[in-house]
Amino acid sequence: MTLLDIKMIREHPEIVKKNLKMRGDIEKLQMLDDLINHDRRWRELLTRANELRHERRKVTNEIAALKKAGKRVEHQIEKGRKLEVEINASEKLVKRYRQEANDILMKLPNLLREDVPVGKDENDNVDLKVWKKPPNFSFKPRNHLEIAKGLDMIDDERGAKVAGHGFFYLKGNLALLDLSLQRFAIDFMLKKGYTLIEPPSMLRRKPYEGVTDLADFENVMYKIENEDLYMIATSEHPLAAMFMNEVLLKSNLPIKLVGVSSCFRKEVGAHGKYTRGLFRMHQFNKVEQFIFCPPEDSWRLHEELQQNAEELYKKLGVHYKVVLLCSGDTGMVQAKTYDINIWMADGVYREAGSNSNCTDYQARRLNIRYREKEGQAPKGFVHTINNTALATSRAMLSILEQHQQSDGSVIIPKALVKYMDGIEKLDPH
RNA sequence: GCGGGGUUGCCCUAGCCUGGUAGGGGGCAGGCCUGCUAAGCCUGUGGUCCAUCGGGCCGCGCGGGUUCGAAUCCCGCACCCCGCGCCA
């Protein structure tokens, strides 16, 4: 299981080096050198081990032949025994070096696409476009938590009492709004021809290592005690892992999926980030777009997913910006990422969704390949692309904050009314 | 959760008891021959390492063990099928 192609690293280490520098992963440059050394040593040891195994094969064949002829074989068995000891020692070394090389390989990030701007952190991200103007309130806008409480739609204190900070009871129309947003996004994606998937809410470690950054096991995923199971942080993960170790037929590609699930995140290291109300919860619901496709189609489809997500926000009448993440802010798994940032009542734009082409990174780690035609050998790894359709928590807060009225009521976007049992306005009374 | 059966290359399947070069069929690819509504024949088929030709190693669900030698024997795990149990 490799994340970057080891052959490519051997032949063009400078590409990987440049990529690490762009990402600001300076500490990984040493890892790369170690990897190259381990890989070289591994190949030397492997060659030696293979020679020994070849010797053994000759001896065992000799034994078989001599036995058939009814001759004595003590001498050959003794030789074989000695060889076996050498082979064991040799194989142990080979395994160790391969394992160490692989461990490093698993920690190296995906190669960024050429058009990703170089930058250090989110401050260097590039605004690409803006839709609508920010709301211009004649009163001081409240944040969504104040609004939701005013409408008696949320109970954060009891959520914290039973599960801790970051968990909530959504009540009445807010719970209904959550479900409405899910159904709205799903219907929209179904019309676009995507297949609806309700995936497992937990994954084993092996598939999980394929879809995500290893650091996420510390910082993001909840682990089930005494089980090899992790709560999913997004349906992207079980969707990506769905075809692990499979070879897909090219004529069946692209596979376009829309996943719906609850998402669970520990949010370790959220210090200093905006954590109010619905913005950063330990549990939220999300409708997700996901595509498996041949390598040559992924950049076109990446743009298609972007259009889909923007259409959804437009239908909700929500003001947003599209941002291209810079090299330093792009995740390890991703080659290029667009975020949709929504305007919030404090005047700050915050991420509502994220659209990433992971190229062959996930597919390589999950061993998802494709073949040109039935009966042929696999041709290569597929590309995977994922994009939030709607994270209901953030869509809800954008609706509450952007569509709020001076009296504490909230206008429901027209597109949602039919899913809200005809409710057009959330009223305090 | 318990008992039984199973997992072999791109696909299907034989081999497992009784350890000794993984056989057959299909698909696909290339080549040959050529036509009578039929086709037939040959070669190849995954990963990886060294290399100039070429050669080697690995690969029988995964991981260990026994053995000169493991698809085959032993142990652990995963998944699938059948039956039983439990259950929204």
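Predicted model, so just to flag it, every value in this text is computed and none were measured. Values below: every heavy atom of this structure, side chains too, minus hydrogens, waters and symmetry copies. Note on naming: letters A, B, ... go to the chains in the order of the sequence lines (proteins, then strands), and numbering restarts at 1 for each one.
Note: CD (A:E55) to P (B:rC57) measures 10 Å, nearest angstrom. Residue A:N88 contributes atom CG, which lies 10 Å from atom P of B:rA70 at whole-angstrom precision. We find that NZ of A:K58 is positioned 15 Å from P of B:rG55, with the value rounded to whole Å. When rounded to the nearest whole Å, the span between CG of A:N245 and C1' of B:rG47 equals 14 Å. Atoms CZ (A:R48) and P (B:rG56) sit 17 Å apart, rounded to a whole Å. The interatomic distance linking A:K82 (NZ) with B:rG69 (P) rounds to 15 Å, in whole Å. The distance from atom NE2 of A:H54 to atom P of B:rU21 is 16 Å, rounded to the nearest whole Å. When rounded to the nearest whole Å, the span between CD1 of A:I6 and C1' of B:rC49 equals 13 Å.
Contact between the side-chain N/O atoms of A:R371 and the OP1/OP2 oxygens of B:rC11 is not found at any separation under 4.0 Å. Side-chain N/O atoms of A:K373 include one lying less than 4.0 angstrom from OP1 or OP2 on B:rA29. For B:rC50, one of the phosphate oxygens OP1 or OP2 lies less than 4.0 angstrom from a side-chain nitrogen or oxygen of A:R43. Contact between the side-chain N/O atoms of A:R10 and the OP1/OP2 oxygens of B:rC49 is found at a separation under 4.0 Å.
The partner of B:rC79, taking Watson-Crick or G-U wobble pairs whose two distances both stay under 3.5 Å, is B:rG6. B:rC57 and B:rG47 make up a base pair, with Watson-Crick or G-U wobble contacts both under 3.5 Å. With both pairing distances under 3.5 Å, B:rG40 is matched to B:rC32 as a Watson-Crick or G-U wobble pair. Pairing for B:rG19 is absent, judged as Watson-Crick or G-U wobble with the two contacts each under 3.5 Å.
The separation of B:rC17 from B:rA71, taken at their C1' atoms, amounts to 14 Å, rounded to a whole angstrom. Nucleotides B:rG6 and B:rU18 have their P atoms positioned 16 Å apart, rounded to a whole Å. Using atom C1' as the reference point in both B:rC42 and B:rU34, the two lie 15 Å apart (nearest Å). Rounded to the nearest Å, the gap between the C1' atom of B:rG9 and that of B:rG59 is 8 Å. Separating the C1' atom of B:rG31 from that of B:rC36 is a span of 25 Å, rounded to the nearest Å. Here the separation of B:rC87 from B:rA14, taken at their P atoms, is 40 Å to the nearest Å. A distance of about 13 Å separates the C1' atoms of B:rU8 and B:rG46, rounded to the whole Å. Atom name P, nucleotides B:rC79 and B:rC10: the rounded distance is 24 Å, in whole Å.
Using modelled atom types, one finds a donor on one side chain and an acceptor on the other under 3.5 Å when comparing A:D178 with A:N285. Inspection of the A:Y419 and A:Q182 side chains reveals no N or O donor paired with an N or O acceptor under 3.5 Å. Side-chain polar atoms of A:N110 and A:T359 form a donor-acceptor pair below 3.5 angstrom. Side chains of A:Q306 and A:N355: a donor-acceptor N/O pair is present below 3.5 angstrom, by distance only.
Mapping A:K92 and A:E84 onto RNA chain B via the closest heavy atom, the residue that lands nearer the 5' end is A:K92. Comparing A:R369 and A:L46 along RNA chain B, the residue whose closest nucleotide (by nearest heavy atom) sits nearer the 5' end is A:R369.
The pair A:K273-A:E267 fails the salt-bridge criterion, with no side-chain N (NZ, NE, NH1 or NH2) lying under 4.0 Å from an Asp/Glu carboxylate O. Under 4.0 Å is where a charged nitrogen must lie from a carboxylate oxygen, and between A:E86 and A:R48 at least one such pair does. The residues A:R364 and A:D360 are annotated as salt-bridged, a charged nitrogen and a carboxylate oxygen being separated by less than 4.0 angstrom.
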Under 3.5 Å, which protein N or O atoms sit close to an N or O of nucleotides 58-63 of chain B? Give each pair with its distance.
residue	atom	partner	partner atom	Å
B:rC58	OP2	A:R57	NH2	3.3

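Crowding of A:K192 atom NZ: a count of heavy atoms from other residues, nucleotides or ligands under 6.0 Å exceeding 12. For A:R10, the CZ atom is densely surrounded, since the number of other residues' heavy atoms within 6.0 Å is greater than 12.
A:R72 comes within 4.0 angstrom of nothing in the nucleic acid, heavy atoms only. When heavy atoms are screened at a 4.0 angstrom cut-off, A:Q76 is found touching no nucleic acid atom at all. Using a 4.0 Å heavy-atom cutoff across all strands shown, A:I63 reaches at least one base atom of the nucleic acid. Residue contacts for A:K67: at a heavy-atom cut-off of 4.0 Å it reaches a base atom on one of the strands shown.
Side-chain proximity of A:I77 to B:rC68, B:rC49, B:rG20: nearest is B:rC68.
Applying the ring-ring contact (aromatic ring centres under 6.0 Å, His included) test to A:Y230 and every residue at least two apart in sequence or in another chain returns A:F217.
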